[in-house]
Amino acid sequence: MAKGTIIRQDILAPKIAVKVRPGQFVIVRVNETGERIPLTVADKDAFSGIITLIFQVVGKTTALMRSLNEGDFLKDVVGPLGKPADVNKVGTVLMTGGGTGVAILHHIAKAFKEAGNYVIGITGARTRDMLILENEMEYICDELVITTDDGTYGEMGFVTDPLKKYLDERYDIKLVYAIGPIIMMKNVVNLTGKYDVPTMVSLNPIMIDGTGMCGGCRVKIDNETKFCCVDGPDFDGFKVDFEELMKRNSLYLQDEKDSLLFSIR
Amino acid sequence: MLDPNIKYLKFKTFLHTYCPHCKNTLNIEKEDKKLIHFKATYHGEMIDLMLSPYLDVFEVETSIAMRKGDRVDDFFCPHCKKSLLHKGIHCAECGSPVGEVTISALSRLITFFLCTKYGCEWHGLSKRDERNIKLKIPRQDMPEQDQTLRVHNFQEVPYGYTSELALLEAGRCLQCKTPHCVDGCPVNVDIPAFISLVAEERFNEAAKKIKERNVFPAICGRVCPQESQCESSCVLGEKDKPVAIGRLERFVADYERKMDLVEVPIIKGNTGMNIAIIGSGPGGLTVASDMRQLGYNITVYEALHETGGVLTYGIPEFRLPKAIVQFEINYLKEMGVRVELNHVIGTILTIDELLEHFDAVYVGVGAGLPRFMNVEGESMGNIFSANEYLTRMNLMKAYKFPEYDTPKPKGNKVVVVGGGNVAMDCARTAIRTGASEVTVVYRRSRHELPARAEEVHHGEEEGIRFKLLSNPLRYIGTDNNTVKAVECIRMELGEPDASGRRRPIPVKDSDFVVECDLAIVAIGTGPNPIIFQSTPDMERNKWGYIKVNPKTNETTKEFVYAGGDIVTGSATVIEAMGAGRIAARAMHEKLSGKKKAKNRTRVTAKN
Ligand SMILES: Cc1cc2nc3c(=O)[nH]c(=O)nc-3n(C[C@H](O)[C@H](O)[C@H](O)COP(=O)(O)OP(=O)(O)OC[C@H]3O[C@@H](n4cnc5c(N)ncnc54)[C@H](O)[C@@H]3O)c2cc1C
Ligand code: SF4
Ligand code: FES
């Protein structure tokens with residue numbers, strides 16, 4: 001399987017499954033010499049004690065994870081980490097996600113649906129093979145639009161195209177949730193800003209401990225330094241300094257692909 | 001008859017002896033053997049009597065056989081034949097008359113006494129002379145790795161004392177009646193008692209003596225700031241250098257461990273009560289040890305995948321080998337302490353949920369949230385907090401990359417901002433991972449550097465440069481958004497602030513630039529918010545740390561105790577341990593009361 005393959009794994013982690021809420025993530029270490037990498041929890045089943053992780057194979061750690069077979073163990077799984085998404089009944093919400101960002105989006109969308117909201121979904125991928133959770137999103141969303149950059153599936157183009165259409169047509173959208181590559185979230189925020197629709201984004205900087213101890217995950221929110229793992233990962237999209245986030249993440253891109261899982265999703 | 005002024009003395013010294021009358025030397029060499037030679041009268045006969053010149057070896061040779069317990073009538077100088085018998089003084093062991101010689105020890109002449117009884121090992125000095133000798137022994141240095149070699153490895157820098165060095169150093173202690181060093185120690189280790197055991201070569205007992213008050217002497221001996229605690233109060237420090245208490249502490253703890261003399265206590269009885277400890281730093285581990293020994297069931301919850309807190313993720317291998325930390329933790333496990341890794345309390349379980357299963361909770365989560373200066377450019381990718389840098393290097397073992405997957409932060413010219421132990425650890429780690437130039441930027445002067453003196457000294461030896469009285473203004477980046485220099489300003493010291501230290505004030509137009517390709521911010525930490533988010537009823541003090549009753553270390557939430565950095569802000573290992581001890585005692589008192597109350601209610605119910 002090539003790099004870029006998207007993998008879904010169900011992990012038996014009963015204590016976490018009971019506690020984890022939409023928007024939260026876990027940190028995983030595959031073996032003794034492994035790195036710690038953050039992975040969002042795409043779904044959970046408290047009853048069977050399972051959490052679902054979805055990730056793209058981009059480097060050594062994710063490749064290692066992929067090589068695990070059913071019944072194997074991960075060395076460490078710690079979580080739930082981060083603040084859960086603030087889920088309320090607000091009316092109509094628009095949930096848009098790109099790449100593996102759809103994994104987190106799915107968990108949050110599910111919660112918004114359960115809270116009694118009308119959920120519109122727009123999910124995007126680079127190409128048809130990279131599209132994830134289509135059936136699951138279909139099931140949750142009252143309306144779902146799918147886009148691919150190359151037009152191999154759904155509408156051709158970016159998620160911002162149908163988003164603009166929705167914003168033009170519907171005046172009852174109370175909240176937009178955007179989760180995906182930084183550039184996508186930035187474009188969504190630029191757009192929703194024009195329509196004055198509150199927009200939440202979920203950020204994914206470099207992380208090590210995920211408990212507020214290292215400061216590697218620092219982001220600028222409203223010109224203040226915040227730690228994504230304890231103050232986030234969800235922030236008011238209008239306050240996020242995307243430029244800085246992009247610069248910080250790109251540094252590691254040149255260096256070690258593994259740590260940036262998140263920025264690629 | 002015992003002379004109160006003379007005391008039995010035992011430490012390794014070679015005695016150069018002289019006749020007090022004719023000043024001729026009494027030392028001889030016979031068949032390659034060094035000896036002290038006297039004439040003596042025994043049953044009216046003149047005999048030769050030879051003694052070993054080593055103070056710690058007792059050997060006598062006589063020209064005719066003597067029976068044990070017999071006395072010689074008199075000692076004489078073999079040169080001037082004058083009697084050496086001393087009229088006023090008697091042996092402190094057996095009360096027999098004594099002979100007197102002059103010895104030159106540590107370039108001082110002193111009077112030394114020898115018992116006339118054959119087989120009595122007594123030889124002594126007057127109190128005043130003993131003191132003088134001791135004052136002449138210089139403070140013993142620890143042998144350590146060569147400074148040019150050690151910057152290429154992560155092995156511990158000092159090798160520690162040998163038993164010879166430890167004996168010499170222990171011999172310096174004056175055994176004060178009112179020892180100030182004990183007051184200087186935050187947990188009041190009985191320092192003179194343990195040092196006197198060292199001097200008697202009872203190293204194992206010495207270790208046990210320390211452990212009565214301090215559970216982790218091998219750790220404290222290495223990381224405590226002795227120069228501002230016990231050693232700063234040592235009377236020897238007034239004129240000379242203080243006794244190297246920390247080095248002795250480290251020596252005996254290492255001896256005990258290496259000789260496999262550590263005994264895991266057998267836990268007598270079980271209270272049936274359960275204690276949860278949040279955080280496996282030195283504070284939490286102390287509570288675990290104390291409470292386990294009192295018969296409680298202990299579970300330690302740790303957020304990271306390794307135990308030890310700062311001892312593991314912060315302090316580098318070359319200063320505190322991780323094997324030592326793990327040894328101490330295994331000791332606790334053998335005692336029956338349960339450890340749950342990867343448990344972030346506040347998210348996976350809240351304190352309230354813990355209280356449903358546990359009779360008391362100890363919060364020892366440390367002050368792990370790194371501070372930044374919020375100056376321009378600080379968000380650049382290759383500017384790290386000290387915690388991130390050290391966590392990558394120590395916890396994730398990035399210095400062993402690529403054996404370990406975490407890549408090591410690369411830097412050729414490294415700037416470290418701050419002046420504490422944390423800053424020194426970063427700087428010295430950087431130099432060990434290939435940096436050619438490491439500069440520590442600190443806003444106060446050398447005198448105020450909060451790091452342990454030994455670390456600063458080692459850092460300097462390793463080539464760390466210090467830009468004192470300087471503070472960063474902004475970071476200058478490349479087009480790639482990586483740091484290429486830091487712009488600093490000179491500072492001068494003004495009036496003392498609330499902490500008693502003189503406040504640094506910027507000097508106008510004194511900007512200068514230090515080039516770097518990696519910057520590390522080591523300016524301190526604040527309280528981590530996680531534990532508070534789910535426990536709103538645990539009050540915080542005005543600095544945001546947990547508020548406790550200082551007598552018991554109980555928080556405003558009943559049965560929840562706290563201590564260490566999360567109460568005081570970043571402090572020291574030993575203070576965290578001291579806080580844990582106070583909490584353990586109070587917890588035990590309160591829980592014993594609770595148990596009694598429980599039993600009482602049960603009894604009344606039956607009646
Ligand atoms: C690099 C460095 C060097 C130092 N050098 C020295 C020195 O030479 N001498 C000295 O005396 N002091 C030194 N210190 C300070 C000293 O290490 C600390 O004062 C001491 O470790 C504090 O102990 P503690 O038990 O309060 O907490 P910590 O050692 O900080 O341990 C707290 C533990 O709790 C865990 N934790 C945090 N939150 C949670 C949660 N919600 N749930 C579960 N677990 C949690 C953390 O992961 C950590 O393992 C140094 C500190 C650093 C950072
Ligand atoms: S004060 Fe110094 S000399 Fe006196 S007992 Fe303490 S360590 Fe020894
Ligand atoms: S990941 Fe270390 S502080 Fe957030």
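Values below: all heavy atoms of this structure, side chains included; hydrogens, waters and symmetry mates excluded. Below, read A as the first sequence line, B as the second, and so on, with proteins coming before strands; counting in each chain starts at 1.
With a 4.5 angstrom heavy-atom cutoff, B:Tyr313 touches chain A only via side-chain atoms. Only the side chain of B:Thr391 has a heavy atom closer than 4.5 Å to any heavy atom of chain A. B:Leu341 does not touch chain A: none of its heavy atoms, backbone or side chain, sits under 4.5 Å away. For A:Leu64, the part lying under 4.5 angstrom from a heavy atom of chain B is the side chain only. For A:Val219, no part lies near chain B; criterion is any non-hydrogen pair under 4.5 Å. Heavy atoms closer than 4.5 Å to chain B are found nowhere in A:Arg21, neither backbone nor side chain. Heavy-atom distances place the side chain of B:Glu353, and not its backbone, under 4.5 Å from chain A. Only the side chain of A:Ile208 comes within contact range of chain B, judged by heavy atoms closer than 4.5 Å. Heavy-atom distances place both the backbone and the side chain of A:Glu32 under 4.5 Å from chain B. Contact annotation for B:Pro529: only side-chain heavy atoms (C-beta onward) come within less than 4.5 Å of a heavy atom of chain A. Residue contact with chain A, scored on non-hydrogen atoms closer than 4.5 Å, involves the backbone and the side chain of B:Leu369 alike.
If you tally non-hydrogen atom pairs under 4.5 Å between each of B:Pro370, B:Gly368, B:Gly366, B:Gly346 and chain A, the highest count goes to B:Pro370. When each of B:Ala303, B:Ser385, B:Ser379, B:Ala367 is checked for heavy-atom pairs under 4.5 Å with chain A, B:Ser379 comes out on top. Most heavy-atom pairs under 4.5 Å with chain A: of the set B:Ile348, B:Asn387, B:Asn528, this distinction falls to B:Ile348. Taking chain B as the reference chain and counting heavy-atom pairs below 4.5 Å, the highest number among A:Asp76, A:Val20, A:Leu81 is found for A:Asp76.
Under the 4.5 Å side-chain criterion, counting only non-hydrogen atoms from C-beta, A:Phe227 is not in contact with A:Cys214. Contact check for B:Thr307 versus B:Leu285: no side-chain heavy atoms found under the 4.5 Å cut-off. Counting heavy atoms from C-beta outward, B:Thr525 and B:Val422 have side chains that stay 4.5 Å or more apart.
Under 4.0 Å is where a charged nitrogen must lie from a carboxylate oxygen, and between A:Glu136 and A:Arg8 at least one such pair does. B:Arg392 and B:Glu388 are joined by a salt bridge, as a carboxylate oxygen and a charged side-chain nitrogen come within less than 4.0 angstrom of each other. With respect to the salt-bridge test (charged N to carboxylate O, under 4.0 angstrom), the residues B:Glu317 and B:Lys322 do not qualify.
Heavy atoms only, all atoms of each residue included: B:Val363 and B:Ile566 are closest at O-CG2, 3.8 Å.
A cation-pi arrangement, defined by a distance under 6.0 Å to the six-membered ring centre and an angle within 45 degrees of its axis, is present between B:Arg540 and B:Phe532.
Taking the six-membered ring where tryptophan is involved, the planes of B:His343 and B:Tyr301 are tilted, since the angle between them lies from 30° to 60°.
For the pair B:Asp517 (side chain) and B:Gly411 (backbone), a donor-acceptor distance under 3.5 Å is absent.
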